[in-house]
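Not measured: the values here are computed from a predicted model. Positions are given from 1, in the same order as the sequence printed here. Counting starts at 1 for both ligands and their atoms, following the listed order.
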Amino acid sequence: MRKQLEDIQKAALETIQSANISSDLEALRVRYLGKKGDLTAVLKQMGKLSEEERPIIGQLANAVREVLTEAIARQSERLEQAALEARLASEVIDVTIPGTPIQVGHRHPMSIVLEEAEDIFIGMGFQIAEGPEVELADYNFTKLNTPEGHPARDWQDTFYLSEDGSIVLRTQTSPVQIRVMENQPLPIRIISPGRVYRKDEVDATHSPMFHQIEGLVVDEGITMADLKGTLEILVQRLYGSGTKIRFRPHHFPFTEPSCEVDVQCFECQGSGCRVCKGEGWIELLGAGMVHPKVLEGCGIDTNVYSGFAFGIGVERMTMRRFSISDLRLIYENDIRFLSQF
Ligand code: DAH
């Protein structure tokens with residue numbers, strides 16, 4: 001029996017030490033030490049032994065049990081350690097690898113210029129007013145002294161949204177003037193930025209959708225000099241103090257007198273090029289003294305009050321500000337273009 005026990009120990013130690021997964025180890029424990037295991041099988045034969053031999057073999061059997069139990073524990077520890085090391089090796093994180101850059105967008109040059117302009121006007125005491133892009137033709141034209149059949153409707157007659165022609169995508173921000181004069185107490189000093197729609201073909205300076213900033217001041221004793229001073233401050237602050245502008249007589253149905261204001265071409269500094277179509281100047285805005293008919297239509301007493309108004313093209317303002325020579329670049333939203341500003 002002693003020989004049997006020694007054989008079991010020898011064979012068991014070998015297999016335990018070569019086990020390389022923990023489920024194998026558990027199977028070995030059952031096989032050698034379990035109730036139906038090899039060791040128990042030997043112990044069951046103890047009855048055949050003599051009185052003297054029994055304690056000796058019993059001791060030996062216990063010693064074998066201890067040795068094997070310890071061997072299993074040690075091998076199990078070794079397997080756990082190896083598994084941990086394998087995991088650490090496979091999950092290694094190199095904290096020095098540069099991170100994946102997060103693509104953040106860029107403020108659009110139009111937004112930059114719009115905010116600059118809003119700041120300048122707010123600094124002069126203007127408030128910001130809003131109006132609908134889907135507008136009543138009445139507000140877009142009629143109340144602006146442009147009744148049906150008026151020739152000035154022609155070049156703007158465009159995106160009507162109702163069969164009877166009473167609703168239109170606004171062609172200018174000027175209808176906001178009417179909404180403000182009808183609803184706000186005097187004096188008035190507002191700007192109103194927003195989108196407008198025309199039947200223009202797309203080219204380097206035109207688009208069927210573009211942006212304007214409408215301006216309106218109504219108070220006692222307002223004159224053309226106030227208009228000129230306000231626009232000069234705007235242009236000098238936006239483009240620098242040396243910037244040249246010129247006032248040209250013009251006609252708008254809702255102002256009298258009317259003018260257009262040009263800024264010297266940023267591309268050629270006035271000598272004439274493709275951008276300014278050889279003019280040397282780029283039209284920036286239309287303006288004038290609010291027509292008495294328009295004021296009176298909104299219930300304003302023209303014996304006491306007068307006003308000036310203007311409508312600036314925001315795209316043109318932006319192109320001049322950043323020397324952008326093609327309007328289409330503004331709408332393409334190419335990040336390589338946008339991130340230059
Ligand atoms: N609404 C005009 C346009 O779209 C621009 C304009 C001219 C606005 C004169 C005004 C103004 O307020 O007084 O061409």
Side-chain angles (χ1 to χ4, degrees), residues 117 121 126-133 135-147 150-159 168-182 184 188-200 205-219 222-231 234-235 245-263 282-295 297-298 300 302 305-317 327:
F121 280 115
F126 283 71
Q127 289 182 329
I128 295 175
E130 288 195 345
E133 285 172 37
E135 184 55 284
L136 295 169
D138 219 22
Y139 283 74
N140 194 75
F141 295 123
T142 316
K143 287 172 185 263
L144 287 163
N145 197 28
T146 318
H150 190 291
R153 280 200 182 202
D154 245 22
W155 51 276
Q156 296 188 7
D157 249 347
T158 164
F159 302 106
V168 68
L169 281 182
R170 68 179 179 188
T171 63
Q172 48 189 355
T173 43
S174 301
V176 183
Q177 288 184 25
I178 307 296
R179 293 184 173 274
V180 169
M181 285 191 281
E182 283 182 347
Q184 285 187 22
I188 288 166
R189 204 177 292 166
I190 58 107
I191 57 161
S192 182
R195 288 191 196 92
V196 300
Y197 303 84
R198 300 262 175 100
K199 58 181 172 186
D200 288 332
T205 52
H206 292 86
S207 157
M209 185 283 300
F210 59 100
H211 298 72
Q212 291 186 332
I213 301 177
E214 191 73 13
L216 173 69
V217 171
V218 183
D219 201 350
I222 296 292
T223 71
M224 197 94 181
D226 298 306
L227 168 65
K228 193 158 184 270
T230 303
L231 294 180
L234 169 72
V235 168
I245 53 173
R246 71 172 184 189
F247 286 69
R248 263 184 302 109
H250 198 73
H251 172 264
F252 295 103
F254 36 89
T255 42
E256 182 57 38
S258 306
C259 61
E260 275 191 335
V261 178
D262 302 333
V263 62
I282 293 173
E283 180 198 323
L284 194 60
L285 58 93
M289 299 305 292
V290 183
H291 199 293
K293 267 193 171 171
V294 174
L295 292 172
C298 297
I300 293 172
T302 49
Y305 291 99
S306 55
F308 70 75
F310 55 85
I312 311 174
V314 185
E315 279 78 356
R316 288 185 178 170
M317 206 163 47
L327 176 66

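Taking the six-membered ring where the residue is Trp, Phe252 and His250 present tilted rings, their angle falling between 30° and 60°. Under the 30°/60° scheme for interplanar angles, the aromatic rings of Phe159 and Tyr197 are found to stand perpendicular.
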Pairs under 3.5 angstrom only: tabulate donor-acceptor contacts from the side chains of residues 212-219 to other protein residues two or more places apart or in another chain.
from, atom 1, to, atom 2, distance (Å)
Gln212, OE1, Thr173, N, 2.9
Gln212, OE1, Thr173, OG1, 3.1
Glu214, OE1, Thr173, OG1, 2.8
Glu214, OE1, Ser174, N, 3.2
Glu214, OE1, Ser174, OG, 3.3
Glu214, OE2, Ser174, OG, 3.0
Glu214, OE2, Gln177, NE2, 2.5

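Legend: residues meeting side chain to side chain donor-acceptor pair (under 3.5 Å) with Glu283, ordered by chain and number and at least two apart, are absent. Applying the side chain to side chain donor-acceptor pair (under 3.5 Å) criterion to Arg248, with sequence neighbours excluded, gives Glu260, Asp262.
Because its NZ or CZ atom is not both nearer than 6.0 Å to the ring centre of Phe210 and within 45° of the ring axis, Arg198 does not count as a cation-pi partner of that residue.
Contacts of ligand 1 (protein heavy-atom distance under 4.0 Å) are Gln172, Ser174, Gln177, Arg198, Gln212, Glu214, Phe252, Phe254, Thr255, Gly286, Ala287, Gly288, Ala309, Phe310, Gly311.
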